[in-house]
Amino acid sequence: MRSPNPLDEAILEVVRSVPAGRLLSYGDVAEIVVDLGSGCSARRVARTMADFGDEVPWWRVVQAAGTLAEPVAFQARRLLAAEGVAVDGRLVPLERLRWRPSPTELALIRERLRQ
DNA sequence: CTCTTGACGCCGG
DNA sequence: TCCGGCGCCAAGA
């Protein structure tokens, strides 16, 4: 298994910052990482989740349509329900629970990455 | 080097 | 709503 590079670290740090019960899409994570200064994309985030997701609350990252990614849908459904998220089949209320880092939160993430 | 393969996403039909 | 088509991008074959 490959080891995480700086871009992976940035992605993982963002996902780690998502509070329980809140959600983002792969694309949202990518946007935030871009704001942090690295180039990124939804597909790139998905790859990092596939490789290193178990190090972070990966289940809070869902598809843009509010659907759970097929390969991990079963586990995600259980973990999300455990933190109070209403799961309807493969659908979750992304619009209602979407998380965006505040400027200060963003600064904190930047700080944590500066190691 | 080319071609395929995804925990993706937007647009049309 | 549910596909199909594309664009995207890095990893493997």
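Protein chains get the first letters and strands the later ones, always in sequence-line order, with residue 1 at the start of each.
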Donor-acceptor contact below 3.5 Å, side chain A/D35 vs main chain A/I32: no
Backbone of A/R98 reached by a side-chain donor or acceptor of A/R22 within 3.5 Å: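 Here the side-chain-to-backbone pair exists.
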Length of the line joining [X]:[atom1] and [N]:[atom2], which is rounded to integer Å:
| X | N | atom1 | atom2 | answer |
| --- | --- | --- | --- | --- |
| A/R60 | B/dA7 | CZ | P | 22 Å |
| A/F52 | B/dA7 | CZ | P | 15 Å |
| A/E55 | B/dA7 | CD | P | 18 Å |
| A/D54 | B/dA7 | CG | C1' | 13 Å |
| A/E31 | B/dC8 | CD | P | 17 Å |

Sugar-phosphate only, base, or nothing, as touched by A/A50 at under 4.0 Å among non-hydrogen atoms: base
Straight-line distance of A/R44 CZ to A/D8 CG, nearest 0.5 Å: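 It is 4.5 Å, given to the nearest 0.5 Å.
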Contact letters for nucleotides 6-13 of chain C, in which S counts primed atoms plus P, OP1 and OP2 and B counts the base, heavy atoms under 4.0 Å: --BBBS--
Euclidean distance for P, B/dA7 against C/dC6 (whole angstrom): 22 Å
A/R114 and A/E13 ion-paired at < 4.0 Å: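 No, this pair does not count.
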A/G89 versus A/R77, closest heavy-atom pair with distance: O-NH1, 3.1 Å
Option among A/I11, A/V15, A/V56 that satisfies the side-chain contact (heavy atoms from CB on, under 4.5 Å) test with A/T48: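 Among A/I11, A/V15, A/V56, the one that satisfies the side-chain contact (heavy atoms from CB on, under 4.5 Å) with A/T48 is A/I11.
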